[in-house]
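Read the structure below first, then the notes.
Both ligands and their constituent atoms are indexed starting at 1 by order of listing. Position 1 is the first residue of the sequence, and the numbers go up from there.
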Amino acid sequence: MRPVILDVDPGVDDALAILMALHSPELEVLGLTTVCGNVPLEQTTENALKVLELAGRTDVPVCMGAARPLAREPVHAYEVHGPKGLGEAQLPEPEAVPAGDAVDFLIEGIEARIGEVIVVATGPLTNLALAEARSPGILSQSRRLVIMGGVLHEPGNISPQTEFNFHADPHAARQVVNSGANIALVPLEAARQLWLEQDLLRWHLAGREDPIARFCAASTQTVMAFETQLYGRRGMHLHDPLAVGLSIFPQLCEIQPLWIDVEPEGELTSGQLVVDRRPFVRDDHLVGNQVKCALKINVPGFLEVFLDRLLQ
Ligand code: RIB
Ligand code: CA
C-alpha cells in the first residue's frame, strides 16, 4: 500500500476523490489536510469530516490548514460547488473534530516515511508552500506530489489564462513548483478529457439507496447543472478524482516532462502557468522546474476504475 496524504478543498470533486482514495486498496490514506479554496476553510474542513463519516472512516485524521492564500484575497467557487461546498448533499453534522494543524501533519507525515509518502493536492497549494517554508526541502522528501492545477494552453476556468487552484494562490503554486519536489501535474487539459455523463452516473446509481449512492446523486447536481450550462451536455469533469487515479494507476495517463513556472503577479495573469519549450536553451537555463505532466488520459479505463471504486 502506498501512503498518501490528501490536501483538499472539498468541494464536490474533492469529495469524490476522497471516497475513491478511501475505497482503493492500493492506498493507505494517512490523513486529509484542508485548505481554503472552493469554500472557506471552516467549510472545507467540515466537509472533509462529513465525507469521512459518510465512508465510515473516522480513523483518518483531518488537519486544518491555511484559512487564506499566502498573499491574495481568498476566492471561492460557490457557483460550482454550492453554498456549503457539497452541492445538494445533506450530510449529518460531523462528530469528529479536526486532529491538528495541516502543515505540521504534512511535515511530520513526510518525515516519518522519507521517500514514501505521496501528497495528492487538489486545492490551492497554500499548505504545501507553508510546509516547505517551515521545513525547507520537505516536499522533496515525499515520494512525489500529484497536483491538480494549472492550464497549459486551453482557456482557463476562473479567468482567461488561469485555473482555479493556481489562481487562488499563485505565490504558493510558484513556491511548490520551484521546490525541487518530484511533481506529477494534472492540468485542465487532462481533467477536461475526463467527462462523467449524468446518464452514466444515474445508471450506476439506479436502484441504490445506500448513503454513498445518495451522496453521489445529490452532491453532483450543482456541478452538473453548472457544467451543463457551460458545455451543453449533462455531466461534469472529474478534476480531482483524476489526481487520485494518477497516484494509483500512472499508466492511465501519457506523461510528458515539461519545464514550468507560475506567474504570481499581474491583473490578468496571476496564477498563469508558464511553459518553457525553447529547444535551443540548455535544461539548466530553462525557467522553473521540470514536472511530469499528464497529457493524454485513457478515459474509459479511468472511468471504469473511478466508478468501481467510488460505488463499490
Ligand atoms: O480547477 C478545478 C479545481 O479547482 C478542482 O480541484 C476544484 O475542486 C477546484 O479546487
Ligand atoms: Ca479541489
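Contact detail for Val75 and Phe164: the closest heavy-atom pair is O-CZ, 3.6 Å. Nearest heavy-atom pair across Pro241 and Ala17 is N-CB, 3.6 Å. Taking every heavy atom of both residues into account, Ile260 and Val275 meet most closely at CG2-CG2, 4.1 Å. Ala294 and Ile255 get closest at one heavy-atom pair: CA-CD1, 3.8 Å.
Taking every non-hydrogen atom of Phe164 and a distance limit under 4.0 Å, the qualifying atoms of ligand 1 come out as 1 (O), 4 (O), 9 (C), 10 (O). Interface of Thr122 with ligand 1, defined as ligand atoms under 4.0 Å from a residue heavy atom, comprises 6 (O), 10 (O). Short contacts between ligand 1 and Glu163, defined as distances under 4.0 Å to a heavy atom of the residue, involve ligand atoms 1 (O), 2 (C), 3 (C), 4 (O).
Taking only nitrogen or oxygen atoms, main chain and side chain alike, His239 does not reach within less than 3.5 Å of ligand 1.
Each of Thr34, Thr33, Asp9 was evaluated against Thr45; a single residue qualifies, Thr34, per the side-chain hydrogen bond (donor to acceptor under 3.5 Å, both in side chains) test. Tested against Arg192 for a salt bridge (Lys or Arg N to Asp or Glu O under 4.0 Å), the candidates Glu163, Glu227, Glu154 yield a single pass: Glu154.
Counting heavy atoms closer than 4.0 Å to ligand 1, residue Val80 contributes nothing at all. The side chain of Asp14, and not its backbone, has at least one atom closer than 4.0 Å to an atom of ligand 1 (non-hydrogen atoms only; side chain from C-beta on). Contact annotation for Asn157 and ligand 1: only side-chain heavy atoms (C-beta onward) come within less than 4.0 Å of the ligand.
Closest protein heavy atom to atom 6 (O) of ligand 1: Asp240 OD1, 2.6 Å. Protein heavy atom in closest approach to atom 9 (C) of ligand 1: Asn38 OD1, 3.2 Å. Protein heavy atom at the shortest distance from atom 8 (O) of ligand 1 is Asp13 OD1, 2.6 Å. Regarding atom 4 (O) of ligand 1, its nearest protein heavy-atom neighbour is Asn165 OD1, 3.2 Å.
The number of protein N/O/S atoms found under 3.0 Å from the Ca ion (ligand 2) is 5.
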**Asked** Where do Leu200 and Leu307 land on the side-chain contact (heavy atoms from CB on, under 4.5 Å) test, with the steps shown first?
**Response** CA-CA 10 Å; Leu200 178 64; Leu307 290 164; 3.8 Å; yes
**Asked** Between Ser270 and Arg72, is a side-chain hydrogen bond (donor to acceptor under 3.5 Å, both in side chains) present by the stated rule, with each step listed?
**Response** CA-CA 10 Å; Ser270 176; Arg72 288 174 64 95; 2.9 Å; yes
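With Asp276 contributing its side chain and Val287 its backbone, the two residues share a donor-acceptor pair below 3.5 Å. Although no hydrogens or angles enter the test, the distance criterion places a donor-acceptor pair under 3.5 Å between the side chain of Asp240 and the main chain of Asp14. A donor-acceptor pair under 3.5 Å links the side-chain atoms of Arg2 to the main chain of Ser247, judged by distance alone.
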